[in-house]
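What follows is a set of notes on a single structure, which appears directly below.
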Protein chains: 2
Amino acid sequence: MTSTLFRALSDPTRLAIFELLARHEHSVSELVDKFEVTQPAISQHLAALLAVRLVSTRRSGRNAYYRARPEGLRPVIDWLRLYQNFWPEKLDSLKAVLDKPSPDKSAKPTKEKHHAPRH
Amino acid sequence: MTSTLFRALSDPTRLAIFELLARHEHSVSELVDKFEVTQPAISQHLAALLAVRLVSTRRSGRNAYYRARPEGLRPVIDWLRLYQNFWPEKLDSLKAVLDKPSPDKSAKPTKEKHHAPRH
DNA sequence: AAAACGTATAAGCTGACGCTTATAGCTTGT
DNA sequence: ACAAGCTATAAGCGTCAGCTTATACGTTTT
């Protein structure tokens, strides 16, 4: 079910975590340092991403390293592709966007401001 | 914020509605006939899709017709494109999938079983 | 072996979400 | 004018998602 994948990406913090993991592997504690939420919250987000196979885990000593799984996005891509069929002209934009060379090679994932400190 | 768009597509019923509207325009009552939820629930889903501009409305007499807005998916596409940068090889799959001519022209959007009656 | 570290899990709280029923507002038909 | 049809909105309710604190468990360090 595609909605399940969308669900996993629908939380701003969790999406930001995924984006970090897409750049490169991080340990849980490294992620904790980058966000304003507690370690359990991070672990819970990772569990959610793991459940839909958007990330993978590797353990080393007392650390757990996570990284994004590109193939995990496949259902989203396939889903979009359907609309290429329904909207041949309109979503040429879709193909075009993906074909067009990136205007900025150093582009970064959505730079979202994470939660502000709350105390 | 991209997560907002994912949020809008994260509910199975709402996603299914969007998929119907991607095929062609429907009035609210037509949608009501196709789902197991009440008319207000449908209207609420439509309001949610409207809020993120995934659909547009047109009124005619006492009917309200809705249709999907392809451009509404643009942020998702752009977001995916970022990962094309990060995962040059891996997500060639992405471009490839989108380039490849559709294997089945009569493909339908995800056929999800909607909610079962609950009484 | 004891202490410190890194992570996962349990339990509880709170707010948001998706649903329902009730109802109001237009529009059309008689 | 009145009734009927179509849609949106309000209010209330149950569930769940995301957060917190507390804690348990394995690993490393001393």
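Chain identifiers are assigned alphabetically (A, B, ...) following the order of the sequence lines, protein sequences preceding nucleic acid strands; residue numbering begins at 1 within each chain.
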Mind calculating the distance between CG (B/Asp33) and P (D/dG5) to the nearest angstrom? 14 Å
Identify each donor-acceptor pair in which a side-chain atom of residues 44-55 of chain A lies under 3.5 Å from a protein atom, sequence neighbours left out, and give them as a table.
unit_1, atom_1, unit_2, atom_2, d
A/His45, ND1, A/Arg14, NH1, 3.2

B/Phe35 CZ - C/dT20 C1' separation (whole Å): 18 Å
Taking the side chain from B/His26 and the backbone from B/His24, do they hold a donor-acceptor pair closer than 3.5 Å? yes
Answer yes or no: does a side-chain N or O of A/Thr38 lie under 4.0 Å from OP1 or OP2 of D/dC19? no
For a quick test of reading the model: is some side-chain N or O of A/Thr13 closer than 4.0 Å to OP1 or OP2 of D/dC19? yes
With the criterion being N/O to N/O and under 3.5 Å, what pairs connect the protein with nucleotides 6-11 of chain D, and how long is each?
unit_1, atom_1, unit_2, atom_2, d
D/dC6, O3', B/Arg62, O, 3.2
D/dC6, O3', B/Asn63, OD1, 2.9
D/dT7, OP1, B/Val28, N, 3.3
D/dT7, OP1, B/Ala64, N, 3.0
D/dT7, OP1, B/Ala64, O, 3.4
D/dT7, OP2, B/Ser29, N, 2.6
D/dT7, OP2, B/Ser29, OG, 3.0
D/dA8, OP1, B/Tyr66, OH, 2.6
D/dA8, OP2, B/Ser43, OG, 2.9
D/dA8, N7, B/Gln39, NE2, 2.7
D/dA8, N6, B/Gln39, OE1, 3.1

Can you tell me the distance, in whole Å, between the CD1 atom of A/Ile42 and the P atom of C/dT9? 15 Å
Are B/Ser60 and C/dT27 close enough that a side-chain N or O sits under 4.0 Å from OP1 or OP2? no
Hey, is the main chain of B/Pro40 close enough, under 3.5 Å, to the side chain of B/Ser43 for a donor-acceptor pair? no
Nearest atoms (heavy-atom pairs only) where A/Pro75 meets A/Gly72: CD-O, 3.3 Å
Using atom CG of B/Leu9 as one end and atom P of C/dC17 as the other, report the distance to the nearest whole Å. 15 Å
I need the CG-C1' distance between B/Asp11 and C/dA16, as an integer number of Å. 13 Å
Please enumerate all residues that pass side chain to side chain contact (heavy atoms under 4.5 Å, CB included) together with B/Arg62, with sequence neighbours excluded. none
How many whole angstroms separate atom CZ of A/Arg7 from atom P of C/dC17? 10 Å
Short side-chain N/O contact from B/His45 to OP1 or OP2 of C/dC19, under 4.0 Å: yes
Donor-acceptor under 3.5 Å (B/Ser60 side chain, B/Asn63 main chain): no
